[in-house]
A.B. asks: 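Structure below; questions to follow.
Keep in mind that the numbers below use all heavy atoms, side chains included, and drop hydrogens, waters and symmetry copies.
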Amino acid sequence: MIYATLDDLVRVSVGGWAELAQRVTRDARVPGELLRAVASGADTSAWSPESVGLALDGVTQLNAQLAATSRHADTFLAARYPGGLSAEQLAVSDLSTVVATITMRRMYGQTVEETVIKATKWADDYLLAVANGVVSLGPAAGAGATSTDAEVLYEFSPRSVTDDDLRGFA
C-alpha cells in the first residue's frame, strides 16, 4: 500500500511543486506548474512536447519514490500490523506525512545537507516508535470488531466541591 500522495509530498516540501520539479527532473525546462499540470492531468499544450515528456517521467519517478518509501515504512509496520493498515488507521495516523517527509529527504540523494537530516529525523523516530510499540496506529486490521456498547467495569460517584470544602485553603 502506498501511504502518501503527491499532494502530501507537495505539502511537506518547502518550495512546493517548483522544488519537486527541480529535485526530480533537474531540468530548467520543467517548472513546477508543468509538473503539477502533468500530475493532475491538466492541459499541457502551453509547453513543448519534450518538457511535457520530462515532466511525465518526473511524476512517474515521484510515484515510484513514494512507493519505495511506503515499502520502507512497511518494514517497521509488519510486525505489529501483519494484515496491513486499514483506510481508517491510515486516515487517523500521521503516516502519510512521515512517508512524504522521508521521500522528500531521499530526493536530495547524496547532496542532502545536515540541516535537512535533522529536520526530518522526527519521521524516522515516528516509524521506530510504531515498531517499538510506543505509538499505536489502532488495532491491527482483522483484529476483530469491537463493541461500542462495552461494559463499564468501574463507576465513580460524581464529586461536588462547595465553598465550605474550600474554606481554609485561601
A.B. asks: Look at Asp7 together with Arg36 and state whether they make a salt bridge at an N to O cut-off of under 4.0 Å.
C.D. replies: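 Looking at Asp7 and Arg36, the cut-off is not met.
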A.B. asks: Do you know the tightest heavy-atom contact between Met104 and Leu9?
C.D. replies: N-CD1, 4.0 Å
A.B. asks: Are side-chain heavy atoms of Lys118 and Thr115 found at a separation under 4.5 Å?
C.D. replies: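 Side chain of Lys118 against side chain of Thr115, heavy atoms only: no contact under 4.5 Å found.
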A.B. asks: Are any non-hydrogen side-chain atoms of Val30 and Gln22 less than 4.5 angstrom apart?
C.D. replies: no
A.B. asks: Please give me the minimum heavy-atom distance between Gln89 and Tyr81, naming the atom from each residue.
C.D. replies: NE2-CE2, 3.8 Å
A.B. asks: How many angstroms lie between CD1 in Ile2 and CD in Gln65, if you round to the nearest 0.5 Å?
C.D. replies: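 One finds 12.0 Å between CD1 of Ile2 and CD of Gln65.
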A.B. asks: Check Asp124, Thr120, Val12, Thr97 against Ile102 for a side-chain contact (heavy atoms from CB on, under 4.5 Å) and give me the one that passes.
C.D. replies: Asp124
A.B. asks: Which heavy atom in Met107 sits nearest to a heavy atom in Arg26, and how many Å separate them?
C.D. replies: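 So the two residues come closest at O-NH2, 3.5 Å.
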A.B. asks: Do you know which two heavy atoms are closest between Ala55 and Leu34, and how far apart they sit?
C.D. replies: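 Where Ala55 meets Leu34 most closely, the heavy atoms are CB-CG, 3.7 Å.
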A.B. asks: Ignoring hydrogens, what is the shortest heavy-atom contact between Val98 and Ala123? Give both atom names and the distance.
C.D. replies: CG1-O, 3.6 Å
A.B. asks: Under a single-linkage definition using a 4.5 Å side-chain heavy-atom cutoff for Ile, Leu, Val, Met, Phe, Trp and Tyr, are Val92 and Leu77 assigned to the same hydrophobic cluster?
C.D. replies: no
A.B. asks: Going by distance alone, is a donor N or O of one side chain under 3.5 Å from an acceptor N or O of the other, for Tyr3 and Asp74?
C.D. replies: yes
A.B. asks: Can a donor-acceptor pair be found, under 3.5 Å and without considering hydrogens, that links the side chain of Asp43 to the backbone of Ser45?
C.D. replies: yes
A.B. asks: Between Thr69 (side chain) and Leu66 (backbone), is there a donor-acceptor pair under 3.5 Å?
C.D. replies: no
A.B. asks: Mind checking the OG1-CG spacing from Thr5 to Leu62? Nearest 0.5 Å is all I need.
C.D. replies: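 Answer rounded to 0.5 Å: 11.5 Å.
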A.B. asks: Considering all heavy atoms of both residues, which atom of Ser96 and which atom of Leu90 are nearest to each other, and what is their separation?
C.D. replies: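 Looks like N-CD1, 4.5 Å.
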A.B. asks: By the definition side-chain contact (heavy atoms from CB on, under 4.5 Å), identify the one residue from Asn132, Leu95, Leu128 that meets it with Phe76.
C.D. replies: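 Only one option passes, and that is Leu128.
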A.B. asks: With a 4.5 Å limit on heavy-atom distance, are the side chains of His72 and Arg106 in contact?
C.D. replies: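 A side-chain contact under 4.5 Å exists here.
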A.B. asks: Does either side chain, that of Thr60 or that of Asp57, offer a donor lying less than 3.5 Å from an acceptor on the other one?
C.D. replies: no
A.B. asks: With a 3.5 Å cut-off and no angle check, do the side chains of Ser51 and Arg29 form a donor-acceptor pair?
C.D. replies: no
A.B. asks: Between Ser13 and Arg23, is there a side-chain donor-acceptor contact under 3.5 Å, judged purely by atom types and distance?
C.D. replies: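 Arg23 vs Ser13: no donor-acceptor pair found between side chains.
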A.B. asks: I'd like to know if the side chain of Arg80 and the backbone of Val130 have a donor-acceptor N/O pair within less than 3.5 Å.
C.D. replies: yes
A.B. asks: Determine, for Asp8 against Arg11, whether the closest basic-nitrogen to carboxylate-oxygen distance falls under 4.0 angstrom.
C.D. replies: yes
